[in-house]
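As structure tokens, the structure follows; a few thoughts come after it.
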Amino acid sequence: MPITLKRNAIVTVGRLSYEKGQDMIPATVRMLLDAGYEVYWYLVGEGTARKEICSEIERYNVGDNVILLGETDNPFPYMRACDLYVQPSRTEGWGLTVQECKVVGTPSVVTPIPAFLEQIRDKDNGVVADSVSAEALFRAVGFALDNISLLSHIESNLKKNNYDSKYGVIQFYH
């Protein structure tokens, strides 16, 4: 059964931890809401940072807009159904979920860490934030949401490049 998400749905998949950067999401959502964006950010995963993230959700009063979904065996329906995938990691060995979004054809916004800079060409097959911070995520997500033609361009490039799991595995082992 397909997943239905609200309009302007953003998804992040991963273990809830400091390294993965989800603790920046509530502040980012507050900035987006204050700037007039109606966004709903879904977090798929569980982890040690859940309590901190819940505290930040309360602090920024974004409980209606940041939705913690918990773990799932299959995050792909969420990745496919969202308007934008965001991976706010502070560090990664390699961005598996970013590659998975390329496979399903969903535009991604990522932080400018080395692992993502190997996978995402800014404004070609995704959007790269200018730093690892809530403010930079706000700017990058806002830019992406404001530029529907850019998102269409990215989706088109993702389809043309025909990313598949074999390519992802080869790139991972490389």
Side-chain angles (χ1 to χ4, degrees), residues 3-102 104 106-120 122 126-146 168 172:
I3 301 284
T4 302
L5 303 177
K6 295 183 180 201
R7 192 172 88 71
N8 289 331
I10 301 167
V11 168
T12 296
V13 175
R15 173 178 38 89
L16 302 181
S17 69
Y18 176 80
E19 298 80 19
K20 300 289 186 183
Q22 299 102 327
D23 58 302
M24 294 183 281
I25 292 172
T28 302
V29 169
R30 173 46 52 207
M31 287 181 253
L32 288 164
L33 293 171
D34 289 349
Y37 295 94
E38 180 183 354
V39 295
Y40 299 90
W41 201 316
Y42 299 84
L43 280 72
V44 179
E46 274 301 336
T48 57
R50 182 182 183 86
K51 186 176 179 182
E52 178 187 353
I53 294 166
C54 287
S55 178
E56 291 295 291
I57 289 169
E58 193 173 309
R59 174 181 173 201
Y60 288 102
N61 192 27
V62 293
D64 291 338
N65 302 83
V66 178
I67 301 99
L68 294 165
L69 297 173
E71 282 187 41
T72 181
D73 290 335
N74 184 6
F76 295 113
Y78 295 100
M79 293 172 158
R80 232 180 255 115
C82 68
D83 298 299
L84 193 61
Y85 181 82
V86 178
Q87 193 59 51
S89 298
R90 291 180 171 93
T91 183
E92 286 282 350
W94 191 73
L96 181 60
T97 58
V98 171
Q99 189 65 33
E100 290 167 341
C101 278
K102 288 164 66 176
V104 300
T106 301
S108 297
V109 170
V110 298
T111 49
I113 62 172
F116 297 152
L117 295 176
E118 291 179 17
Q119 293 175 272
I120 298 295
D122 193 31
V127 175
V128 180
D130 57 30
S131 68
V132 180
S133 68
E135 294 80 7
L137 289 171
F138 160 69
R139 288 188 299 273
V141 169
F143 176 79
L145 293 174
D146 285 342
F172 175 75

- Task: Report yes or no: does T28 contribute a side-chain atom to a donor-acceptor pair with the main-chain N or O of L137 at less than 3.5 Å?
- Result: no
- Note on the structure: P112 and V132 have their tightest heavy-atom pair at CD-CG2, 4.0 Å
- Task: Would you kindly check if the NZ (Lys) or CZ (Arg) of R90 is within the cone defined by 45 degrees around the ring axis of Y18 and under 6.0 Å from the six-membered ring centre?
- Result: yes
- Message: Run F138 and R30 through side chain to side chain contact (heavy atoms under 4.5 Å, CB included) and show every step you take.
- Response: CA-CA 9 Å; F138 160 69; R30 173 46 52 207; over 6 Å; no
- Item | 4.5 Å side-chain heavy-atom contact, T106 and L84 | no
- Message: So, taking the atom named CH2 in W41 and the one named CG in L68, what distance separates them when rounded to the nearest 0.5 Å?
- Response: 12.5 Å
- Item | Side-chain H-bond candidate by donor/acceptor type, E100 with T97, under 3.5 Å | no
- Distance, nearest 0.5 Å, that separates CD1 of I10 from OG of S108: 12.0 Å
- Say whether, by atom type as modelled, one donor and one acceptor occur between the side chain of N65 and the main chain of Y40 under 3.5 angstrom. no
- Message: Donor-acceptor check, side chain of T111 to backbone of S89, threshold 3.5 angstrom: yes or no?
- Response: yes
- Heavy-atom side-chain proximity of V39 to R7 below 4.5 angstrom: no
- Message: Please check this pair: side chain of T72 against backbone of P75, looking for a donor-acceptor N/O pair closer than 3.5 Å.
- Response: no
- R15 side-chain N/O to G45 backbone N/O, donor-acceptor pair under 3.5 Å: no
- Query: Under the criterion side chain to side chain contact (heavy atoms under 4.5 Å, CB included), which of E19, M24, K20 is the partner of Q22?
  - Reply: K20
- Nearest atoms (heavy-atom pairs only) where G93 meets A115: O-CB, 4.0 Å
- Evaluate side chain to side chain contact (heavy atoms under 4.5 Å, CB included) for V98 paired with L96, printing each intermediate quantity in order. CA-CA 5 Å; V98 171; L96 181 60; over 6 Å; no
- Of all heavy-atom pairs linking V11 and C82, the shortest is CG2-CB, 3.4 Å
- Task: Working to the nearest 0.5 Å, report the span between CH2 of W94 and CD of E118.
- Result: 10.0 Å
- Where the side chain of E56 meets the backbone of I25, is there a donor-acceptor pair that is under 3.5 Å apart? no
- Determine whether the side chains of Y37 and D146 contain a donor N or O and an acceptor N or O closer than 3.5 Å. yes
- Measure the spacing between OG of S131 and CD1 of I113 and express it to the nearest 0.5 Å. 12.5 Å
- With sequence neighbours excluded, what pairs up with D83 under the salt bridge (charged side-chain N to carboxylate O under 4.0 Å, His left out) test? none
- State the CE-OG1 distance between M79 and T12, to the nearest 0.5 angstrom. 9.5 Å
- Task: For D122 and V128, indicate whether the former's side chain and the latter's backbone hold a donor-acceptor pair under 3.5 Å.
- Result: yes
- Working to the nearest 0.5 Å, report the span between CD1 of I53 and CD of E58. 14.0 Å
- Query: So, for V109 and A140, which heavy atoms are closest and what is the spacing to 0.1 Å?
  - Reply: CG1-CB, 3.6 Å
- Item | For A136 against A129, the heavy-atom pair lying closest together | O-CB, 3.9 Å
- With sequence neighbours excluded, residues passing salt bridge (charged side-chain N to carboxylate O under 4.0 Å, His left out) with R139: D130
- Message: side chain to side chain contact (heavy atoms under 4.5 Å, CB included), that's the test. Do V86 and V110 meet it? Break it down for me.
- Response: CA-CA 6 Å; V86 178; V110 298; over 6 Å; no
- Message: Tell me whether Y60 contacts the main-chain N or O of S55 through its side chain, where contact means a donor paired with an acceptor under 3.5 Å.
- Response: no
- For L69, check side-chain contact (heavy atoms from CB on, under 4.5 Å) against everything at least two apart and list the hits. Y42, V44, I67, Y78
